[in-house]
Amino acid sequence: MTNRLVIQSPNSSITLISDNQENLEIVSNFCKKELDAWHASEDIDELTIDKLSGEQSNKFYSLLFELGLL
């Protein structure tokens, strides 16, 4: 089954699609803990990030690469 996670940031949006729900949960938890992401709507598959520094962006994309989502 294909799962999706949409992450909205101030300058862009990324949609992650994966058959591995666990990887998307790892990303979701990382965004909530490390990037102060929150649910802007009732859609639990969508997160919003208000601010994203260069260092946070690097950590985020490194995680996506490690999980094979890029």
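Note that this is a predicted model, so its numbers are computed, not measured.
In this structure the side chain of L69 reaches within 4.5 angstrom of the side chain of L24, judged on heavy atoms. T48 has its side chain out of reach of H39: every pair of non-hydrogen atoms, C-beta onward, lies at least 4.5 Å apart.
Between E34 and Q56, the shortest heavy-atom contact is O-NE2, 3.3 Å. Here the closest heavy-atom approach between residue D50 and residue W38 is recorded as OD2-NE1, 3.4 Å. Closest approach of R4 to I17, counting heavy atoms only: CB-CG1, 4.3 Å. Of all non-hydrogen atoms in Y61 and L70, the two that sit nearest each other are O-CD1, 3.7 Å. E46 approaches L5 most closely through the heavy-atom pair N-CD1, 4.4 Å. Between I49 and P10, the shortest heavy-atom distance links the atoms O-CD, 3.2 Å.
Considering OG of S28 and CG of L16, their distance stands at 10.0 Å, rounded to 0.5 Å. One distance of note links CZ of F60 with OG of S53; it measures 12.5 Å at 0.5 Å rounding. Here D36 contributes atom CG and K51 contributes atom NZ; the two are 10.0 Å apart, rounded to the nearest 0.5 Å. For the atom pair E25 CD and N20 CG, the distance stands at 9.0 Å (nearest 0.5 Å). Here N29 contributes atom CG and I26 contributes atom CD1; the two are 8.0 Å apart, rounded to the nearest 0.5 Å. For the atom pair C31 SG and Q8 CD, the distance stands at 12.0 Å (nearest 0.5 Å).
Heavy-atom contacts from other residues, nucleotides or ligands closer than 6.0 Å to NZ of K32 number more than 12.
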Note to self: Apply side chain to side chain contact (heavy atoms under 4.5 Å, CB included) to residues V27 and I7 and explain how you reach the verdict.
What the structure shows: CA-CA 10 Å; V27 173; I7 302 170; 3.9 Å; yes

Next item on the list: Step by step, work out the side chain to side chain donor-acceptor pair (under 3.5 Å) result for D19 and T2.
Entry: CA-CA 4 Å; D19 291 331; T2 302; 3.1 Å; yes

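Linking ILVMFWY residues whenever their side-chain heavy atoms come closer than 4.5 Å, directly or via other members, leaves L67 and V6 in distinct clusters. Hydrophobic clustering of Ile, Leu, Val, Met, Phe, Trp and Tyr side chains at less than 4.5 Å, counting indirect connections, unites L52 with L64.
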